[in-house]
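A short write-up of the structure that comes next.
A note on names: the letters A, B, ... follow the listed sequences, proteins ahead of strands, and every chain is numbered from 1. Values reported hereafter were calculated over all heavy atoms of this structure, with side chains retained and with hydrogens, waters and symmetry mates removed. The shown structure was predicted, so the numbers you read here are calculated from the model rather than taken from an experiment.
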Amino acid sequence: MNYPHQKIETYWAKKWVQDKIYRAKDSSSKPKQYILDMFPYPSGEGLHVGHIEGYTASDILARYFRMKGYEVLHPIGWDAFGLPTENFAIKTKQDPHQVTQKNIAIFRSQCQRVGLSYDWDREINTADKDYYKWSQWLFLQLYKKGLAYKAKAPANWCTGCLTVLANEQVINGRCERCDSLVEIRNIEQWFFKITAYIDRLVKGLEKLDWPQRTKIGQINWIGESQGFEINFPLKDKKINLPVFTTRPETIPGVTFLAIAPEHPLLEEIVSDKQLIQVKNFLEKVKNKTLLERKTGEKKKEGIFSGSWAINPFNKKEIPVFVADYVLMDYATGVVMGVPAHDKRDFQFAKENNLPITYVFLPDSIKKPEDKPYPDEEGKMIVSPFKGMDLKTARQKIEAKLSKFGKKTTYFKLQDWLISRERYWGAPIPIIYCPKCGQVPVPEKDLPVLLPDDIKDFRPKGIPPLAQSKKFVNTQCPQCQGPAQRETKTLDTFVDSAWYFLRFPDPKNKKQFADPKKLKRWMPVDIYIGGAEHTVGHLLYSRFITKVLYDLKLIDFDEPFLKLRHQGMILGEDNRKMSKRWGNVIRPDEVAQKFGADTLRMYEMFMGPLEQSKPWSTRSLIGVRRLIERIWKLKDKVKTKVVKEDEKEKEITQKLIFNVTQYLEKEKFNLCVSEFMKYVNQAEELSALSKKWWEKFVLVLAPFAPFLAEELWKQLKNKYSVHQQKWPQIEEKIKEEILKIVVQVNGKLRGVLQLPSNKSYSDQEILKVAQNDPKISSKIKDLKIKKVIYVPRKVINLVV
RNA sequence: GCCCGGGUGGCGGAAUUGGUAUACGCAAAGGACUUAAAAUCCUUGGCCUUCAAAAGAGGCUUGUGGGUUCGAGUCCCACCCCGGGCACCA
């Protein structure tokens with residue numbers, strides 16, 4: 001290896017940071033581009049190759065747009081609060097503050113080492129009091145609007161760690177840290193009312209340039225379900241049980257009702273006779289872990305409540321069961337059991353010996369077998385609807401039941417649980433006063449600082465902040481009497497749901513950001529990050545943006561106009577990279593050994609950005625060869641005019657044209673191919689001209705910024721190559737020779753080469769084909785029935 | 001189970017609105033240089049053919065089977081396989 005990457009790359013990396021050449025100017029007459037990466041958790045592991053992939057892609061775009069004449073905002077920060085850092089701190093017995101500082105220093109130097117062109121003056125850190133002050137402020141804005149509220153709600157509870165866990169900490173019903181079973185417990189928690197924004201969260205997706213699967217992912221997560229809500233009166237009690245169904249036409253087939261074990265009306269429904277049995281059942285359900293109830297075997301258990309309900313459609317009496325397959329957190333928490341047309345109801349009916357009444361049958365079925373028919377199409381078989389299609393029957397039944405119910409829509413999405421009983425997060429700015437009750441901390445008193453007198457960060461079942469008397473005991477902002485602070489902290493997803501709004505004005509002490517600067521930079525034009533954030537971060541960020549829009553604090557209601565995901569980089573063995581398999585590739589080592597430019601270009605060359613693909617050190621070496629060959633090519637550059645200028649002009653223009661096109665479509669792998677094609681051809685030339693070589697170096701600059709800067713310097717051009725204009729092609733590339741494919745019945749028979757400066761009719765082309773010795777021998781005996789000529793491309797002879 | 005993606009050489013992957021399938025790279029084989037190796041450079045390269053000495057010629061080929069079309073990797077239908085997401089959502 002002749003190219004001294006180590007020396008060149010470390011030199012320029014340092015110089016670029018010192019010279020601040022990537023600074024984004026707030027006031028500039030240029031049009032703007034805001035190109036953003038999903039900021040990382042600064043874990044103890046350092047950046048991995050997956051980060052580098054997405055970050056390189058956005059870096060290339062940022063550099064490209066700068067050269068195209070845009071003022072580019074390309075910032076980075078650290079999602080420093082939250083579980084990854086906290087867990088690492090606990091594991092290594094350190095203070096999370098120090099761990100965070102250490103890790104950030106590593107991440108920062110790694111970013112600089114691979115030449116990411118961030119504006120380091122805008123670096124943010126969510127664990128910094130100057131940042132989380134505004135996370136707390138955001139909470140207060142939602143609180144004031146009634147969009148933040150406290151309620152008792154089921155949460156994941158780790159039976160080993162004695163704490164609430166975030167959803168992302170629960171893996172297959174078990175705690176990720178101690179592997180204990182996770183169960184559901186009813187605990188007081190803070191929520192953001194994201195459900196109030198459902199309609200706009202769905203509708204807003206339409207205008208976004210996002211991957212379709214991500215949009216569909218959000219829509220499915222929101223889970224709109226249109227149906228009918230019906231009240232079932234109880235026989236002996238003055239209680240109506242509301243039931244939600246998407247299939248009201250099946251109501252003649254209801255043979256039981258099933259109510260969730262947690263349902264608040266349950267107490268009133270249970271008869272004295274059944275009381276003990278129901279209590280035993282509830283005890284059993286309570287002891288079921290999350291694993292058993294939600295992800296384990298779908299066995300359906302239940303017990304008769306002792307009450308009977310009346311089917312409002314046919315006045316039949318049906319038993320009310322308590323059943324563990326009915327969920328309290330969806331719809332009404334009561335299900336009408338139609339075993340004939342629902343798989344779960346069928347299973348429950350079988351296990352509890354309940355009758356099965358068929359309401360309709362699919363068209364292909366004459367006689368029902370002993371199984372459910374959940375089909376959407378068919379003919380009714382119960383009077384008075386016999387022979388009627390399901391849609392009509394549904395309308396009739398809905399009309400008949402209008403006194404008992406109405407059309408209703410339910411959603412799977414629930415309010416966003418934002419509180420955590422953890423140390424490493426922003427304290428929730430609420431004070432509890434024995435006189436005034438729940439009082440928000442006045443904005444002027446922000447930030448509520450995270451106490452630093454906590455010795456033991458380990459979660460113990462109560463929030464660690466409760467240990468600090470200094471923190472907990474305070475004054476009520478209203479009556480000045482003694483009061484106590486909320487000890488829960490904000491989920492780290494709250495921090496990351498607005499961080500993109502801070503980059504336009506990261507040091508503002510008076511506002512979360514100056515409206516003028518927000519207007520200048522927002523919204524984000526291109527956002528790149530992993531697809532795993534589809535229903536978390538990306539949904540939360542859209543929600544918060546809409547809230548701030550409604551508060552008239554910003555003038556746009558979608559934060560990210562264009563979104564792209566990077567795929568997962570697998571190990572060389574095609575498995576997910578993990579310590580367990582010993583297949584982890586460390587970007588530092590690759591940069592050290594082969595150079596950052598090689599690492600960047602290789603990761604772009606691997607394949608389409610969004611695709612998962614395995615690492616290959618051999619292919620990486622192939623890209624390193626490209627770097628070497630470029631380094632060698634520079635020796636051919638002559639300051640004088642060279643003979644083969646025309647050829648060089650042609651290949652360089654083609655490179656510029658193709659790379660530009662591919663960049664616009666984010667096809668980075670094809671850009672790298674174009675460089676290889678260029679080098680293959682340039683090597684055949686005996687000399688290269690300064691004029692065209694310069695253009696080559698400019699196109700190379702976003703991809704291999706170090707090599708390009710060095711080559712630019714050796715041309716004795718003005719520093720920096722990254723502040724130059726993107727090269728234009730002088731004229732449209734014209735192919736000298738027109739190639740026309742000759743087919744017979746669609747099969748290739750030859751290729752004609754004609755001067756491209758004139759156009760031809762099908763008859764002219766046919767004549768040329770007949771005169772071509774190779775082709776004529778194949779077509780001379782054939783009777784041509786039809787000629788199809790696609791101008792300048794193909795002529796197909798049908799015989 | 002439901003919802004998304006994908007199936008193209010030995011491998012990663014290219015292929016404008018349907019118009020020369022396999023660009024570019026890796027690996028491989030042969031050769032040059034070398035005492036030797038590495039590195040580098042040159043050449044070959046989908047598969048098949050008791051067609052051919054060879055240049056070549058012909059046939060087949062984008063998971064499988066059908067269809068539309070002058071022409072299908074690309075469009076339509078059915079099926080198989082792989083990856084991802086959601087999952088007792090009434």
Side-chain angles (χ1 to χ4, degrees), chain A residues 1-2 211-217 219-221 223-225 227-229 243-247 250 258 260 293-300 323-327 329-338 341-345 347-348 374 410-414 531-532 534-535 567-568 570 574 602 605-608 610-623 625-626 628-629 632 661 665 667 669-680 683 739-751 777-778 785-799:
Chain A
M1 297 206 291
N2 291 312
Q212 195 58 22
R213 64 170 167 137
T214 311
K215 292 189 186 183
I216 289 171
I219 288 169
N220 288 346
W221 186 256
E224 178 175 337
S225 185
F228 202 75
E229 197 172 310
V243 158
F244 177 67
T245 178
T246 53
R247 304 295 303 272
T250 63
R293 183 122 181 240
K294 278 208 160 178
T295 62
E297 271 228 342
K298 305 281 167 72
K299 209 179 156 194
K300 284 159 193 57
D324 66 349
Y325 78 97
V326 183
L327 307 171
D329 52 17
Y330 182 72
T332 63
V334 188
V335 167
M336 63 179 212
V338 187
H341 302 291
D342 183 280
K343 269 166 79 178
R344 295 151 305 180
D345 296 348
Q347 200 184 332
F348 188 79
Y410 276 100
F411 300 91
K412 276 198 265 187
L413 182 74
Q414 284 160 33
E532 68 276 15
T534 297
V535 296
M568 196 188 296
L570 306 169
N574 234 309
Y602 167 63
F605 185 60
M606 291 175 87
E610 67 283 357
Q611 218 169 78
S612 292
K613 51 236 157 192
W615 186 268
S616 159
T617 299
R618 291 213 169 264
S619 290
L620 173 89
I621 291 168
V623 174
R625 274 202 275 266
L626 173 71
E628 291 279 344
R629 288 163 75 191
K632 245 187 187 167
Q661 265 204 333
K665 295 180 200 158
K667 296 194 170 190
N669 54 328
L670 301 185
C671 291
V672 180
S673 293
E674 291 302 317
F675 286 110
M676 290 168 169
K677 285 178 190 171
Y678 169 86
V679 169
N680 284 343
E683 279 175 341
K739 287 182 182 174
I740 292 175
V741 172
V742 181
Q743 298 179 333
V744 175
N745 286 345
K747 282 190 183 165
L748 177 69
R749 283 298 176 261
V751 181
S777 67
K778 286 165 198 161
K785 284 187 203 153
K786 200 173 161 190
V787 176
I788 288 147
Y789 176 54
V790 182
R792 305 181 87 80
K793 267 186 188 161
V794 163
I795 185 161
N796 191 10
L797 311 174
V798 187
V799 296

Can you check the distance between [N] and [M], where both ends of the measurement are the [atom1] atom (answer in whole Å)?
| N | M | atom1 | answer |
| --- | --- | --- | --- |
| B:A21 | B:A72 | P | 11 Å |
| B:C80 | B:U22 | C1' | 24 Å |
| B:C11 | B:G84 | C1' | 23 Å |
| B:U74 | B:G67 | P | 14 Å |
| B:G73 | B:U20 | P | 10 Å |
| B:U44 | B:A38 | C1' | 23 Å |
| B:U8 | B:A14 | C1' | 10 Å |
| B:C42 | B:G25 | P | 11 Å |

message: Is there, by distance only and without an angle test, a donor paired with an acceptor across the side chain of A:Lys300 and the base of B:C88 below 3.5 Å?
response: yes
- prompt: Is the base of B:U16 touched by the side chain of A:Lys667 through a donor-acceptor pair closer than 3.5 angstrom?
  reply: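 It does not, because no donor-acceptor pair links the side chain of A:Lys667 to the base of B:U16 below 3.5 Å.
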query: If only side-chain N and O atoms of A:Lys793 are considered, is one of them under 4.0 Å from the OP1 or OP2 phosphate oxygen of B:U16?
result: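 Negative; the distance criterion is not met.
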query: Does B:U40 have OP1 or OP2 sitting under 4.0 Å from an N or O in the side chain of A:Arg625?
result: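 The answer is yes; a side-chain N or O of A:Arg625 sits under 4.0 Å from OP1 or OP2.
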Evaluate the side-chain proximity of [Y] to [X]: yes if any heavy-atom separation is below 4.5 Å, no if none is.
| X | Y | value |
| --- | --- | --- |
| A:His341 | A:Arg247 | no |
| A:Asp345 | A:Tyr325 | yes |
| A:Lys412 | A:Trp221 | no |

From [options], pick the nucleotide closest to the side chain of [X]?
| X | options | result |
| --- | --- | --- |
| A:Arg629 | B:A90, B:C70, B:G25 | B:G25 |
| A:Lys343 | B:G1, B:C26, B:A14 | B:G1 |
| A:Leu670 | B:A14, B:G25, B:U40 | B:A14 |
| A:Leu748 | B:C41, B:U20, B:C4 | B:U20 |
| A:Phe605 | B:A90, B:C4, B:G25 | B:G25 |

In this structure, how many angstroms lie between the [atom2] atom of [N] and the [atom1] atom of [X], rounded?
| X | N | atom1 | atom2 | value |
| --- | --- | --- | --- | --- |
| A:Tyr602 | B:G13 | OH | C1' | 11 Å |
| A:His341 | B:C88 | NE2 | P | 23 Å |
| A:Tyr789 | B:G18 | OH | P | 19 Å |
| A:Gln743 | B:U20 | CD | P | 7 Å |
| A:Arg618 | B:A38 | CZ | P | 12 Å |
| A:Arg749 | B:C70 | CZ | P | 19 Å |
| A:Glu610 | B:G84 | CD | C1' | 14 Å |
| A:Asn745 | B:G59 | CG | P | 12 Å |

Answer with base, sugar-phosphate or nothing: what part of the nucleic acid does [X] contact at a heavy-atom distance below 4.0 Å?
| X | result |
| --- | --- |
| A:Val790 | base |
| A:Lys739 | base |
| A:Ile788 | base |
| A:Gly217 | nothing |
| A:Gln611 | sugar-phosphate |
| A:Phe411 | nothing |
| A:Ser616 | nothing |
| A:Asn796 | base |
| A:Asn680 | sugar-phosphate |
| A:Lys665 | nothing |
| A:Arg792 | nothing |

To check you understand the geometry: which heavy-atom pair defines the closest contact between [X] and [Y], and what is its length?
| X | Y | result |
| --- | --- | --- |
| A:Asn745 | A:Val798 | OD1-CA, 3.5 Å |
| A:Leu570 | A:Asn574 | CD1-OD1, 3.5 Å |
| A:Pro614 | A:Met606 | O-CE, 3.3 Å |
| A:Ser616 | A:Tyr602 | N-OH, 2.9 Å |

query: For A:Glu229, which residues count as a salt bridge (charged side-chain N to carboxylate O under 4.0 Å, His left out) partner, sequence neighbours excluded?
result: none
field: Carboxylate-amine/guanidinium proximity below 4.0 Å for A:Glu628 and A:Arg625
entry: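 Result for this pair is no, no salt bridge flagged.
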task: Mark yes when over 12 heavy atoms from residues, nucleotides or ligands other than A:Lys215 sit less than 6.0 Å from its NZ; otherwise mark no.
output: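 Above 12, so yes.
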- request: Count the heavy atoms belonging to other residues, nucleotides or ligands that lie under 6.0 Å from CE of A:Met676, then report whether that count exceeds 12.
  value: yes
task: Toss me the dot-bracket line for RNA chain B: Watson-Crick and G-U wobble, both under 3.5 Å, 5' to 3', using | for pairs to another strand and [ ] for crossers.
output: (((((((..(((......[....))).(((((.......))))).((((.(....)))))..(((((..]....))))))))))))....
Which residue lies more 5' along RNA chain B, comparing A:Ser619 with A:Ser225 via nearest heavy atoms: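 Result: A:Ser619.
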query: If you find the nucleotide of RNA chain B closest to A:Lys412 and the one closest to A:Lys632, which residue's nucleotide is nearer the 5' end?
result: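 The residue mapped nearer the 5' terminus is A:Lys632.
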query: So, is B:G10 syn or anti if syn means the angle is within 90° of 0?
result: anti
